[in-house]
Amino acid sequence: MGQIPEELHTLDPAQQNAVTRPAEHVLVLAGAGSGKTRVLTHRVAWLIACEGVDPEAILAVTFTNKAAREMRDRLSLLLAPAAVNSRWGVWLGTFHAVAHRLLRQHAAEAGLIPSFQILDSQDQLALIKRLLRRYNIDEGEVAPRELMAFINSHKDKGERVDRFEPIGARQAQLAELWRAYEAQCAQEGVVDFSELLLRVLELLETNPDLRLRYRSRFAHLLVDEFQDTNPLQYRLLKQLALDPESGESGAWLFCVGDDDQSIYSFRGALPAVLAYFQREFRATLVRLERNYRSAGNILAAANSIIAHNRDRIGKALWTERGEGEPIRVFMADDEMGEARFVASSISALIEEGIPAKEIAILYRTNALSRAFEHQLLALGIPYRVYGGLRFFERAEVKHALAYLRLLLFPEDEGALLRVINVPARGIGSKTIEALLKAREPGESWESVAMRLGGRGGVAVRQFAEQIRTMRAETASLPLPDAIAWVIEKSGLAASYAQGEEEGGQKEREERLENLEALVAAGHDFVAEMAREGISLAGHEMISLFLQHAALESGEHQGIEEHRAVRLMTVHAAKGLEFDTVFLVGLEEGLFPHENALESAFRTVTPDAIEEERRLMYVGVTRAKRQLFLTWAASRRLHGGVRYHAPSRFIQEIPEELLRWLSPRPTQRGKEFSRGAPMAAAEGAIASSPLYLWRPGMRVRHSKFGEGVIVRVAGAGAQTEATVRFAPPVGEKRLLVALAKMTPLSDG
DNA sequence: CGCCTATCCTTTTTT
DNA sequence: AGGATAGGCG
């Protein structure tokens, strides 16, 4: 611990200033690559080593599990391990993990049963679908996702349904469903992600004793990625913070963030909190603008892209590094060509001695990873895909977890419906319907099952019996044994093990491996709990494990692969850095994503494109030495072929920073079109004999008149266009090879 | 009544 | 491409 003051000399003056601020509220505006995590970890170390602050009086919150882990690792290098990892150490975790820990300790005061379970987004959506079905509301009338977004967006602002005042019939209907949703959650003893935070907020607001207790416990509260804070989280921070007005005891806030890297507004984040916070808490502002990560050209490109955003506090990153390599730009004919280029470039880089783990392929959406995986595999380059289907979200893992839930909570309808016929045991929709219908209020389904007649009655009774037996058998088993037991006795293992058809042979093996990995995760969890001083067996431990699984949805599988190229979304890459970055799929409609674009049929808030731009900025600033930008003129996606123009973001980089590795997208112009996709690529035209059909294009049909192409799917003679015509006609799907249709304009 | 197959429909990012 | 659902067969 004595090394801290010495360590401080390795910080630059701005970083040192931030780290050693006296007891006051601080806002650190930290540009990309400016040593944000260093400042945070050193601040914690400085508080403990130099200011004599008790580690227990420090709370540090992050947004992702990955960031929490990173901070924990880096803190352990500065402090004695016990100060970080044990229950006497610094509190460190995601907002949700911290909230969960608090709720576990105060479940009763928060109005929750001790074994409350956490709904992940999948579970939440499933519950909402069940709800809509029960109310006989057609999914066309209220889309489950819409209702989910409605509920979450209000809860993320800290709103409750009883205080919500709907405007108009539509909102009234949604609010009614919201109310029903809350009732259902209460009945099942489950809470969603927002609810975790909301309960803690209300706990602190309404319970003065508890508020006082935690306010005096935490002297310092550090927040990472502060720009991602939503109003609910901000209010939570305020409850724990020292209020400059009242002077009541509370924590000093040390918030680190970058408004240019705010990429979670879809989750309710409000980058304006940076300004709010500074004003409301009279926080000292410290700017970190010196970038230690990227070569000059990369930084210049990033600065120039982000300068196109209007809504920002504004800062300019600088570096003392040289310009470095130019930014390479490559246009491929299609996604396989793009992937081939990337994979062969990576192969060359590895030859040159760049470690594979220092190379990353970043994309906007997970769906883009396939082609790259394919080509990397073909060249024998080791790779690891992050994100995508997370471990705890795999169907087979969910099934196993649902069995566990059913053992503990017979009333858990979601779990029941998930596994009642998995593996198939002759219980179909009719039987399930009868089962639910025959149920008296307050009666358990297991007792209903006992008196259910009809064809499915026997099967249901057997199932109920099976669950009851497993419940007794697992009552005192250690966690991993209990998991293994349930996987075996439920028949899940057998159903994946037997190989009648060869079609899914590999898939079944994978599923079996995942089930084994779940047992391993149980072992890990027991060890982790032991470190926190918790040692339980049987159902209590299962309950904790289930909560953990919902909260930490991914990354539990596999050991960190140290010699592999990394593939991930730009979102997942935030906070990371790599020697070489391939930013791929840079096409209008993909990146920026089409959902953020204005179109003839959709109006989008102007903020949406700015958020896409910030995302691009995050992607670009991940690169230390070398940056590649690639896109494909045509791309097989969602079962059809789509043609995209290159992303506007490429154009926002000054020409002199770029080096083209492929012919420029147009012969004549220097400009390629903004906004709407265009026939940029010669290769794209070849796929259609006469015209290049693309979404957004206006057309005239001999019978239906004028219309606009909504989408194009299929290939060759099967190429099919969905065209929206004026009202009486509406949308039509037409085979472009046959339809009497001519293009009108390029939009 | 349950199971299998054909067709339709959606498709961002994360706790 | 993949999941969800509707319709037909055993």
Side-chain angles (χ1 to χ4, degrees), chain A residues 61-68 93-100 118-126 129 133 139-140 143-145 149 152 155-156 191-197 225 228-230 232-233 262-269 362-371 386-390 392-393 395 421 423-434 454-457 459 501 507 549-555 568-574 585 589-597 608 611-612 614-616 618-619 635-642 711 713-714 722 733:
Chain A
V61 288
T62 62
F63 279 82
T64 63
N65 291 306
K66 203 198 276 168
T94 63
F95 265 104
H96 293 85
V98 169
H100 175 229
I118 300 164
L119 290 181
D120 66 18
S121 341
Q122 248 184 65
D123 300 331
Q124 191 187 16
L125 190 63
K129 281 183 176 170
R133 202 161 302 174
E139 294 197 357
R145 285 182 178 283
N152 289 341
K155 290 175 82 168
D156 282 341
V191 297
D192 59 41
F193 284 135
S194 311
E195 188 74 23
L196 279 174
L197 305 180
E225 306 284 10
D228 291 332
T229 308
N230 68 30
L232 175 54
Q233 289 160 334
S262 162
I263 54 175
Y264 284 107
S265 69
F266 68 89
R267 200 170 72 185
L362 307 183
Y363 33 76
R364 174 69 234 267
T365 65
N366 281 308
L368 259 53
S369 71
R370 280 189 170 280
Y386 291 76
L389 245 200
R390 302 164 125 58
F392 285 115
E393 288 167 4
N421 201 31
R425 45 174 74 86
I427 303 173
S429 54
K430 288 288 168 192
T431 306
I432 293 172
E433 203 177 297
R455 237 202 291 162
E501 301 131 53
E507 190 190 307
L551 223 44
E552 175 119 10
S553 57
E555 297 307 315
M568 65 185 87
T569 63
V570 180
H571 279 93
K574 188 157 82 149
L590 280 181
F591 200 170
H593 195 272
E594 55 197 343
N595 290 358
L597 297 180
E611 175 136 330
E612 295 289 309
R614 291 193 291 268
L615 202 47
M616 178 74 184
V618 168
R635 184 179 292 278
R636 206 165 264 287
L637 201 65
H638 314 317
V641 180
R642 312 196 350 172
R711 70 175 157 195
T722 306
R733 295 168 67 168

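So you know, we letter chains A, B, ... as the sequences are listed, proteins then strands, and number each from 1.
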Next item on the list: Report which part of the nucleic acid Arg635(A) touches: base, sugar-phosphate, or nothing (heavy-atom distance under 4.0 Å, all strands).
Entry: nothing
Item checked: Distance test, side-chain N/O of Asn595(A) to OP1/OP2 of dT11(B), below 4.0 Å -> no
Notebook entry, point to check: Counting only N and O atoms by type, is there a donor-acceptor contact under 3.5 Å from the side chain of Gln233(A) to the main-chain atoms of Asn230(A)?
Noted result: yes
Next item on the list: Would you tell me if any nitrogen or oxygen in the side chain of Ser265(A) comes within less than 4.0 Å of OP1 or OP2 on dT13(B)?
Entry: no
Notebook entry, point to check: Expressed in angstrom and rounded to an integer, what is the separation of His571(A) atom NE2 from dT15(B) atom P?
Noted result: 11 Å
Check: Across the strands shown, which category fits Asp120(A) at heavy-atom distances under 4.0 angstrom: base, sugar-phosphate, nothing?
Finding: nothing
Checklist line | Side-chain donor or acceptor of Asn421(A) paired with backbone N/O of Ile427(A) under 3.5 Å | finding: yes
Checklist line | Under-3.5 Å donor-acceptor pair between Thr365(A) side chain and dT11(B) base | finding: no
Next item on the list: Using a heavy-atom cut-off of under 4.0 Å over every strand shown, decide if Tyr264(A) touches base, sugar-phosphate, or nothing.
Entry: sugar-phosphate
Next item on the list: Would you indicate what Arg614(A) reaches in the nucleic acid, counting non-hydrogen atoms under 4.0 angstrom: base, sugar-phosphate, or nothing?
Entry: nothing
Checklist line | Side-chain N,O (Arg370(A)) to OP1/OP2 (dG2(C)) below 4.0 Å | finding: yes
Note to self: Parallel, tilted or perpendicular: which one describes the rings of Tyr264(A) and His571(A), with boundaries at 30° and 60°?
What the structure shows: tilted
Item checked: Distance-only side-chain donor-acceptor flag, Thr569(A) / Asn366(A), under 3.5 Å -> no
Margin query: So Ser194(A), base contact, sugar-phosphate only, or nothing? Heavy-atom distance under 4.0 Å.
Written below: nothing
Next item on the list: Using a cut-off of strictly less than 4.0 Å, decide whether Arg145(A) has a side-chain nitrogen or oxygen near OP1 or OP2 of dT10(B).
Entry: no
Item checked: Short side-chain N/O contact from Asn230(A) to OP1 or OP2 of dT15(B), under 4.0 Å -> no
Item checked: Under 5.5 Å and under 30°: Phe95(A) stacked on dT15(B) -> no
